[in-house]
Amino acid sequence: EKLEKAIRGYTFDDVLLIPQATEVEPKDVDVSTQITPNVKLNIPILSAAMDTVTEWEMAVAMAREGGLGVIHRNMSIEEQVEQVKRVKKAERFIVEDVITISPDETVEFALFLMEKHDIDGLPVVEDRKVVGIISKKDIAAREGRTVRELMTKDVITVPECVEVEEALKIMIENRIDRLPVVDKEGKLVGLITMSDLVARKKYKNAVRDENGELLVAAAVSPFDIKRAIALDKAGVDVIVVDTAHAHNLKAIKAMKEMRAKVDADFIVGNIANPKAVDDLTFADAVKVGIGPGSICTTRVVAGVGVPQITAIAMVADRAQEYGLYVIADGGIKYSGDIVKAIAAGADAVMLGNLLAGTKEAPGKEVIINGRKYKQYRGMGSLGAMMKGGAERYYQGGYMKTRKFVPEGVEGVVPYRGTVSEVLYQLVGGLRAGMGYVGARNIKELKEKGEFVIITSAGLKESHPHDIIITNEAPNYPLE
Ligand code: RVP
């Protein structure tokens, strides 16, 4: 009887999307997606909260491309807060911690400050009021003088409410690289620099908060309220409660308390059973995936999991009843899997493996047989658990003896270039898929996508066959 009640489980390789009548061109589709009430991404991709995938550099790259990085939690609270702040500061158009100098200092000291902080100019400040500005050019070969003698005295300043475009216009018209921001009394409160504005212009698809800062998420354990509060205070946009099994009733109790204490949007995971959704309705979004991860051994070690397409579809149906968003986490090998995950009901996907090989991932680079690889490991691997990740797998109790039962492996993935290059291919594949099924946006893909279940012969036919590939395609790696 038990077996009669068993449901059938399908994963990415078991299904394909059926082509539909279409008027949609890949280049015209809208791939933006809402993942929580306050966060809309421009591409439906998050980077995994893993210590070989997401630290601040990855999070900056993801947000610049329109996605979202989730900073892992295998570090101290202070370190993780610092990481969040680095993302927030990465493209701040008004810098608040301005390095200034007094007019009575020597130019040698001004030069020293500029070199130390790797900047070309300093606002000159007396009683916190801006009285001048001095740059390397003003100083050249004029040792022994004071800043007051050589500074530019007619300084153009702007008020705090200045908009980016306006600041840019003022700087171009006046041919200046630096624009001090002052309050009503003329006291310095910030600085706008040309190099920061140029950086912002470059990333047209970036996702930002209302202050113009890049969006960032961070992972916490369900029981670490202290960490969640610290991250929230540091300005994190989304808290991702990260556990191998979020339908743990003790964890749920702790998560509810946590949710009440933070302002950030709240994603909870992972789950693979729709019944879990009924107990997680206090969250904004749920993350789906028990065991699909490329480095994950939960299904073989514990015998537990649900093939990912079935898990996504079941959870998404239930989540829709409560208005919760869904993130499909793990098992994505090709861009086509992203299309399938969304068609099954996900609002966005989370990637580990496909991003671990990028330049911005924190994993170590290694050369094997003349080819470049990057380290990638499961957070349930021995190495990651030794570093403190054990309680994601409810193995904190083994910490004393350090005899863990791993649910992940450690290894390497081929080096894949920059995040931007990888995402270009992945989003390109998603756009192509949306064209085939006639979906103009993510919502339509979720509604219109129809699956065919395939056999192993169908899968074999799907991949290149009966050929020796001589030119590796950028979206079809041979390893
Ligand atoms: P993948 O993209 O297939 O490499 O999967 C990444 C996901 O795998 C992560 O986002 C996480 O949910 C899961 N993971 C991380 N560590 C482990 C493990 O050690 N079992 N699993």
Side-chain angles (χ1 to χ4, degrees), residues 11-12 45-62 65 67-75 80 83 217-219 240 242 244 269-270 287 289-301 305 308 327-335 337-338 341 349-390 392-393 404 406-423 425-426 472 474-479:
T11 189
F12 300 105
I45 301 179
L46 290 84
S47 66
M50 300 172 72
D51 61 8
T52 48
V53 181
T54 312
E55 290 184 355
W56 72 272
E57 271 183 282
M58 173 65 73
V60 166
M62 287 299 295
E65 297 294 327
L68 187 68
V70 186
I71 301 204
H72 74 85
R73 60 180 172 86
N74 225 0
M75 56 178 110
Q80 202 184 10
Q83 295 267 331
V240 179
D242 168 55
N270 280 14
K287 194 148 67 66
I290 304 281
S294 62
I295 34 45
C296 184
T297 54
T298 296
R299 292 188 190 164
V300 272
V301 169
Q308 186 69 343
I327 291 156
D329 175 18
I332 287 175
K333 309 179 294 302
Y334 302 101
S335 52
D337 296 341
I338 300 177
V349 299
M350 176 173 267
L351 307 179
N353 187 302
L354 287 183
L355 293 170
T358 58
K359 183 170 152 273
E360 293 88 342
K364 268 205 236 53
E365 274 181 31
V366 274
I367 311 268
I368 304 174
N369 288 335
R371 213 183 144 156
K372 198 148 73 159
Y373 295 82
K374 284 196 87 162
Q375 178 204 20
Y376 181 44
R377 69 179 183 191
M379 295 306 285
S381 67
L382 259 190
M385 289 218 271
M386 289 289 198
K387 245 200 99 192
R392 182 172 200 270
Y393 295 86
F404 300 112
E407 289 183 32
V409 295
E410 301 174 61
V412 295
V413 291
Y415 182 77
R416 290 191 214 270
T418 62
V419 166
S420 172
E421 286 161 351
V422 169
L423 291 180
Q425 290 300 331
L426 294 178
E472 196 170 323
N475 52 1
Y476 192 78
L478 296 177
E479 292 181 87

Nearest non-hydrogen partners of [X] and [Y], listed with the distance:
| X | Y | answer |
| --- | --- | --- |
| Ile290 | Asn270 | CD1-O, 3.6 Å |
| Ala218 | Gln80 | CB-NE2, 3.7 Å |
| Ala356 | Ala361 | O-CB, 3.4 Å |
| Gly378 | Ala384 | O-CB, 3.3 Å |

Audit row: Tyr415, Arg371, side chain to side chain contact (heavy atoms under 4.5 Å, CB included) steps and yes/no:
CA-CA 8 Å; Tyr415 182 77; Arg371 213 183 144 156; over 6 Å; no
Test your reading of the model: is there a side-chain donor-acceptor pair from [X] to the backbone of [Y], 3.5 Å cut-off?
| X | Y | answer |
| --- | --- | --- |
| Lys372 | Glu365 | no |
| Gln375 | Lys364 | yes |
| Thr54 | Ala48 | yes |
| Lys374 | Pro414 | no |
| Asp329 | Lys287 | no |
| Thr52 | Arg377 | yes |

Is there a side-chain contact between [X] and [Y] (heavy atoms, below 4.5 Å)?
| X | Y | value |
| --- | --- | --- |
| Lys359 | Val419 | no |
| Met62 | Leu46 | no |
| Thr418 | Thr358 | no |

Rounded distance (nearest 0.5 Å) linking atom [atom1] of [X] with atom [atom2] of [Y]:
| X | Y | atom1 | atom2 | answer |
| --- | --- | --- | --- | --- |
| Ser47 | Glu55 | OG | CD | 11.0 Å |
| Ser420 | Gln425 | OG | CD | 10.5 Å |
| Glu407 | Ser381 | CD | OG | 11.5 Å |
| Leu423 | Leu354 | CG | CG | 9.5 Å |
| Leu426 | Ile338 | CG | CD1 | 4.5 Å |

Testing Leu355, Asn353, Ile295, Val70 one by one against Met50 for a side-chain contact (heavy atoms from CB on, under 4.5 Å), which residue passes?
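Considering Leu355, Asn353, Ile295, Val70, a side-chain contact (heavy atoms from CB on, under 4.5 Å) with Met50 is found only for Ile295.
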Could you tell me whether Asp51 and Arg73 make a salt bridge, using a distance below 4.0 angstrom between a side-chain N and a carboxylate O?
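Not counted as a salt bridge, because no side-chain N and carboxylate O are separated by less than 4.0 Å.
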Pairing of Glu421 and Arg416 as salt bridge, 4.0 angstrom limit:
no
Counterpart residues, side chain to side chain contact (heavy atoms under 4.5 Å, CB included), relative to Asp337 (two or more places apart)
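With sequence neighbours excluded, Asp337 shows a side chain to side chain contact (heavy atoms under 4.5 Å, CB included) to Phe12, Ile332, Lys333, Tyr334, Lys340, given in chain and number order.
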Verdict with supporting geometry, Asn74 and Lys387, side chain to side chain donor-acceptor pair (under 3.5 Å):
CA-CA 7 Å; Asn74 225 0; Lys387 245 200 99 192; 5.9 Å; no
Which is it for Tyr376 and Val53 under the side chain to side chain contact (heavy atoms under 4.5 Å, CB included) test, yes or no, and what are the steps along the way?
CA-CA 8 Å; Tyr376 181 44; Val53 181; 3.6 Å; yes
